[in-house]
> 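Below are the structure tokens for one structure; questions will follow.
Letters A, B, ... are given to chains in the order of the sequence lines, protein chains preceding strands, and every chain is numbered from 1.
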There are 2 protein chains.
Amino acid sequence: MKAATKSSDALPAAHDRVYRGLRTRIMHGEIAPGEPLTLRGIGKEFDVSMTPAREAVRRLVAEGALFLSSSGRVSTPELSNERIEELAALRALIEVELASRALPRAHIALIERLQTIDAGIAERIAQRDATGYIRANLEFHRTLYLRAQAPAMLAMAETVWLQLGPTMRALYGKLRRTEPPRFHRLIVAALKAGDEPGLRLAVRSDVTQGLRLLAS
Amino acid sequence: MKAATKSSDALPAAHDRVYRGLRTRIMHGEIAPGEPLTLRGIGKEFDVSMTPAREAVRRLVAEGALFLSSSGRVSTPELSNERIEELAALRALIEVELASRALPRAHIALIERLQTIDAGIAERIAQRDATGYIRANLEFHRTLYLRAQAPAMLAMAETVWLQLGPTMRALYGKLRRTEPPRFHRLIVAALKAGDEPGLRLAVRSDVTQGLRLLAS
DNA sequence: CCCCGCGATTTGTGATCACACATACGCCAT
DNA sequence: ATGGCGTATGTGTGATCACAAATCGCGGGG
């Protein structure tokens with residue numbers, strides 16, 4: 001039971017592998033809100049001991065992706081309506097700024113890529129693929145924001161996504177969407193036209209649309 | 001060498017004690033940018049083993065307060081001008097929103113407390129007390145933002161402060177301030193008058209003032 | 001039938017250890 | 001004197017262990 005030491009493996013550090021694995025699962029909404037996790041369970045799943053599992057969990061807790069009860073138990077957080085409203089407001093603030101900074105650098109190739117991703121989103125919706133929908137939606141936004149050349153801001157936006165992850169999945173179940181996101185069209189149109197005020201409005205609308213129903 | 005087990009101590013968990021200790025030192029600018037840290041050194045300083053030290057460091061790295069080199073060495077980060085500009089923009093976005101949300105709840109008692117803190121800031125400046133100045137300045141902002149009743153936003157703002165901590169200390173040395181922060185007066189005045197646009201402008205100015213010189 | 005309490009099990013915490021790697025120091029050959 | 005190399009030291013990583021506390025389940029009493 002010495003877990004392959006390091007031998008000739010590549011170099012994806014153990015605790016980082018666990019972190020990334022949990023992170024994407026949370027961000028994509030593959031874990032239900034309130035679901036409890038155990039360090040030994042995580043370690044077993046990723047074939048590591050408790051130590052790297054603990055580090056990964058600690059990091060996710062620091063990012064707000066996991067909730068740490070007073071007794072040290074970890075679970076994915078159940079967000080209150082107030083917190084959801086705050087996080088939506090943060091998304092609006094940060095992502096509008098990111099989109100605005102990306103606008104001058106948005107070439108036609110980027111816009112075409114966004115349209116391709118958007119088509120994929122429509123497919124996921126048609127197939128009722130919640131996780132795929134969330135993943136594609138985040139890819140749409142991240143692709144745009146990468147052009148902003150603002151890594152610190154992007155990291156902060158992703159932190160917010162992470163916190164909303166489990167809830168977004170639950171939200172997806174509530175609203176029975178059959179249509180593709182209409183605000184994405186507006187975003188693409190504003191990018192093409194170089195219309196900054198229109199872009200800001202479209203991003204703000206897209207980011208806050210779904211979360212309004214949840215708070216009602 | 002069994003480190004006092006738990007005996008009759010209260011219950012401030014070990015790794016959390018280390019985390020808080022390092023966090024405030026970083027946020028207050030008591031550690032120079034680029035300064036290297038070792039897990040064993042931290043453990044010795046707080047009288048714990050490497051395990052809690054590692055967890056605290058991991059958490060601070062996750063928050064951007066510490067930099068982790070490719071070989072695993074940790075140090076406080078040396079920020080590029082681009083990153084400083086981003087962080088200043090984030091401060092402006094988030095803190096303007098926080099101030100705006102705090103405005104309707106800003107009673108006279110709060111305003112008086114802000115003025116008291118501001119007087120303390122003037123003292124620190126007169127005494128050339130860099131750390132004291134930073135701490136008092138952050139207290140001024142936090143006191144105001146607490147009224148916004150937006151814990152997630154406040155946490156995000158504090159994360160940005162944390163990332164700027166070591167740099168703010170260096171910044172303090174560059175600009176030889178002798179006058180108390182003039183924008184704080186404007187903030188207080190806007191709060192008294194219930195002037196939201198004025199408040200937003202004053203906060204934005206206060207937050208971005210010092211960092212403009214640094215980027216030049 | 002429900003509620004309380006006690007014990008077994010689960011779970012997080014922190015210390016310690018073995019190991020791999022990086023760095024730094026010092027010694028020897030040129 | 002200087003440059004290169006091998007060793008010693010320091011550092012992070014991850015596994016394992018001992019311990020305390022929390023949680024769960026079961027049984028008895030009301």
> Where along residues 33-41 of chain B does a heavy atom come under 4.0 Å from DNA chain C, residue by residue in number order?
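Contacts with DNA chain C under 4.0 Å: none.
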> Report yes if a side-chain nitrogen or oxygen of A:T51 is closer than 4.0 Å to either non-bridging phosphate oxygen (OP1 or OP2) of D:dG14; otherwise report no.
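False: A:T51 side-chain N/O out of range (4.0 Å or more) of D:dG14 OP1/OP2.
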> What side chain to side chain donor-acceptor pair (under 3.5 Å) pairs are there with at least one residue in residues 63-79 of chain B, not counting sequence neighbours?
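Counting only pairs at least two positions apart or across chains, the side chain to side chain donor-acceptor pair (under 3.5 Å) contacts touching residues 63-79 of chain B are B:Y19-B:E63, B:S69-B:S71.
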> For the helix from C:dC1-D:dG30 to C:dT30-D:dA1, measure the angle between the helix axis at one end and the axis at the other, each built from five pairs, rounding to 10°.
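If I round to tens, the end axes sit 10° apart.
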> Kindly indicate whether the side chain of B:R54 and the base of C:dG14 share any N or O donor-acceptor pair separated by less than 3.5 Å?
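When only heavy-atom distances are counted, B:R54 does not reach the base of C:dG14 through any donor-acceptor pair under 3.5 Å.
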> Heavy atoms within less than 4.0 Å of DNA chain C: which residues of residues 58-73 of chain B have one? Give them sorted by number.
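Of all residues in residues 58-73 of chain B, none places a heavy atom under 4.0 Å from DNA chain C.
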> Could you tell me which residues satisfy side chain to side chain donor-acceptor pair (under 3.5 Å) with A:R20, sequence neighbours excluded, listed by chain and number?
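Only A:D16 meet the side chain to side chain donor-acceptor pair (under 3.5 Å) criterion with A:R20.
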> Side chains of B:R91 and B:T208: do they bring a donor and an acceptor to under 3.5 Å?
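Distance-only check fails for B:R91 and B:T208.
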> Please identify each residue that fulfils side chain to side chain donor-acceptor pair (under 3.5 Å) with B:E45, with sequence neighbours left out.
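Scan of B:E45 (side chain to side chain donor-acceptor pair (under 3.5 Å), adjacent residues dropped) gives B:R25.
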> Return the nearest nucleotide to the side chain of A:V74; candidates are C:dG14, D:dG12, C:dG12.
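Of the options given, the side chain of A:V74 lies nearest C:dG12.
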> Can you name the side-chain contact (heavy atoms from CB on, under 4.5 Å) partners of B:T38, sequence neighbours left out?
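Listed in chain order: nothing, the list is empty.
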> Which heavy atom of A:A89 sits nearest a heavy atom of B:M153, and at what distance?
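For A:A89 versus B:M153, the nearest heavy atoms are CB-CE, 3.4 Å.
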> Only counting residues at least two apart or in another chain, list the ones meeting side-chain contact (heavy atoms from CB on, under 4.5 Å) with B:I42.
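Only B:V18, B:L22, B:L37, B:F46, B:A53, B:V57 meet the side-chain contact (heavy atoms from CB on, under 4.5 Å) criterion with B:I42.
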> Would you kindly give the CZ-to-C1' distance between A:F46 and D:dA15, to the nearest whole Å?
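A:F46 atom CZ is separated from D:dA15 atom C1' by 18 Å.
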> If the condition is side chain to side chain donor-acceptor pair (under 3.5 Å), which residues does A:E55 pass it with, not counting sequence neighbours?
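Result, side chain to side chain donor-acceptor pair (under 3.5 Å) vs A:E55: B:R54, B:R58.
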> Show every ring pair (Phe, Tyr, Trp, His ring centres under 6.0 Å) that has at least one partner inside residues 141-162 of chain A, sequence neighbours left out.
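Passing the test, one end in residues 141-162 of chain A: A:H141-A:Y145, A:H141-A:H184.
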> Please state how far atom CD in A:E55 lies from atom P in D:dG14, giving the value in whole angstrom units.
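So the CD-P distance, A:E55 to D:dG14, works out to 6 Å.
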> Could you tell me which residues satisfy side-chain contact (heavy atoms from CB on, under 4.5 Å) with B:T116, sequence neighbours excluded, listed by chain and number?
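B:T116 satisfies side-chain contact (heavy atoms from CB on, under 4.5 Å) with no other residue.
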> Sequence neighbours left out, what passes side-chain contact (heavy atoms from CB on, under 4.5 Å) with A:T131? Give chain and number order.
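side-chain contact (heavy atoms from CB on, under 4.5 Å) list for A:T131, sorted by chain: A:H28, A:E30, A:D129, A:R135, A:R169.
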